[in-house]
Amino acid sequence: MTVDLLYFAWVRERIGLPRETVTTEAATVEDLVAELVTREERYAAAFSDRRALRVALDQELAEWDSPLGGVREVAFFPPMTGG
Amino acid sequence: MDVRVQEESFSAGEVLEAFTAAQTGAGAIVSFTGITRDIAGGLTHMEIEHYPGMTERALTQISREAAERWPLTGSLILHRYGRLAASEPIMMVATASAHRAAAFEAAEFLMDYLKSRAPFWKKEVTGSDESWVAAKETDEDALARWSSG
């Protein structure tokens with residue numbers, strides 16, 4: 001399947017781009033991240049501390065073990081600091 | 001229920017006046033305005049990034065939840081993004097209800113939720129440095145009190 005990946009704040013800066021489209025067979029967020037970190041050092045750097053990261057699937061907050069079936073947009077970002 | 005995500009600055013006074021005029025049956029209006037602070041010392045500006053689409057969804061969900069919990073006649077969340085100088089207004093929350101307790105509580109609820117659940121990220125830029133503002137544990141604690149009640 002094809003999914004859009006979006007990166008925000010320092011995740012975007014470490015990976016070096018705001019969004020990209022990837023083809024993956026990953027079943028969960030965890031599996032997708034495992035695929036990404038093997039691609040290049042900058043992904044490994046961005047995902048080195050997963051506790052410091054949040055994930056959203058189709059614009060709703062999700063968990064690391066959430067399934068990716070039918071999801072079109074996956075976003076990774078640090079904890080939010082609005083207000 | 002009014003949710004606004006915008007780059008341009010705003011006048012808290014004007015927004016509050018228009019919000020007040022739009023209420024029917026309100027006896028109490030509470031408003032909160034957040035201002036850019038120079039915490040780092042020597043702040044040249046602040047950059048606020050957000051997730052277009054999810055931001056509006058999250059703020060709308062939070063507003064809906066407030067409307068279910070308290071008898072509000074209306075609510076407003078306004079949040080800016082982009083480049084902000086020190087002492088500029090960043091965001092504003094307003095709530096209206098027949099009585100003050102509901103208006104105060106709903107305003108605090110909206111603030112607590114949007115701080116840790118709306119996809120905004122702040123970066124402080126000084127003459128020599130730039131750094132992303134870290135999330136505070138106290139903000140998560142502030143959220144927890146609404147789920148226990």
Side-chain angles (χ1 to χ4, degrees), chain A residues 1-22 28-29 32-33 36 41-83, chain B residues 3 5 32-37 39 46-62 77-81 84 89-93 107-125 130-143:
Chain A
M1 65 177 177
T2 303
V3 287
D4 289 328
L5 304 184
L6 279 71
Y7 310 115
F8 293 96
W10 57 255
V11 182
R12 171 179 53 74
E13 291 178 340
R14 282 189 200 176
I15 291 174
L17 74 176
R19 72 186 296 155
E20 61 184 323
T21 304
V22 298
T28 65
V29 174
L32 174 65
V33 170
L36 291 172
E41 180 52 38
R42 56 199 173 105
Y43 290 93
F47 290 105
S48 60
D49 182 5
R50 287 177 214 178
R51 284 168 310 168
L53 288 176
R54 300 287 180 269
V55 61
L57 301 180
D58 289 334
Q59 307 189 349
E60 295 280 350
L61 284 172
E63 304 296 331
W64 292 99
D65 58 1
S66 296
L68 289 181
V71 168
R72 293 161 63 182
E73 191 171 288
V74 182
F76 293 102
F77 42 79
M80 296 155 269
T81 52
Chain B
V3 166
V5 182
F32 173 88
T33 308
I35 309 286
T36 325
R37 270 199 305 160
I39 303 169
M46 190 174 260
E47 276 166 24
I48 300 179
E49 185 171 331
H50 81 116
Y51 182 173
M54 180 173 169
T55 308
E56 292 79 359
R57 280 171 72 134
L59 295 179
T60 302
Q61 276 174 13
I62 294 164
I77 302 178
L78 187 162
H79 205 299
R80 290 176 66 192
Y81 62 90
L84 279 77
I90 302 182
M91 54 84 54
M92 187 171 165
V93 152
E108 276 208 285
F109 172 86
L110 292 176
M111 279 309 304
D112 286 346
Y113 263 79
L114 82 85
K115 269 192 112 68
S116 335
R117 292 293 181 269
F120 288 101
W121 301 275
K122 291 196 194 99
K123 184 192 241 183
E124 292 171 346
V125 182
E130 50 176 62
S131 58
W132 291 99
V133 173
K136 295 191 196 83
E137 261 182 50
T138 48
D139 289 339
E140 279 295 320
D141 295 345
L143 262 193

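The sequence lines fix the lettering, A, B, ..., with proteins before strands; numbering per chain opens at 1.
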- Output every pair passing salt bridge (charged side-chain N to carboxylate O under 4.0 Å, His left out) with a member in residues 3-21 of chain A, not counting sequence neighbours, ordered by first then second residue. D4(A)-R19(A), R12(A)-E49(B), E13(A)-K123(B), E20(A)-R39(A)

- Note on the structure: Comparing G53(B), G34(B), A58(B) against chain A, the one with the most heavy-atom pairs below 4.5 Å turns out to be G53(B)

- Note on the structure: Ranked by heavy-atom pairs below 4.5 Å to chain A, first place among M91(B), H79(B), K122(B) goes to K122(B)

- Contact residues of residues 70-79 of chain A (partner chain B; heavy-atom separation under 4.5 angstrom): E73(A), A75(A), F77(A), P78(A), P79(A)

- Note on the structure: Shortest non-hydrogen pair, V133(B) vs T81(A), comes out as O-CG2, 3.4 Å

- Task: Could you tell me which non-hydrogen atom of A56(A) sits nearest to which non-hydrogen atom of M54(B), and how far apart they are?
- Result: CB-SD, 3.8 Å

- Item | Donor-acceptor pair, side chain of K115(B) and main chain of G83(A), under 3.5 angstrom | no

Portion of [X] that has a non-hydrogen atom of chain A nearer than 4.5 angstrom:
X: Q61(B); answer: side chain
X: A134(B); answer: backbone
X: R80(B); answer: neither

- Query: How far does OG1 of T55(B) sit from CE of M80(A), to the nearest 0.5 angstrom?
  - Reply: 10.0 Å

- Message: For the CZ atom of R117(B) and the CZ atom of R54(A), what is their distance to the nearest 0.5 Å?
- Response: 7.5 Å

- Task: Check each atom of A9(A) against the heavy atoms of chain B and say whether the ones under 4.5 Å are side chain, backbone, both or neither.
- Result: both

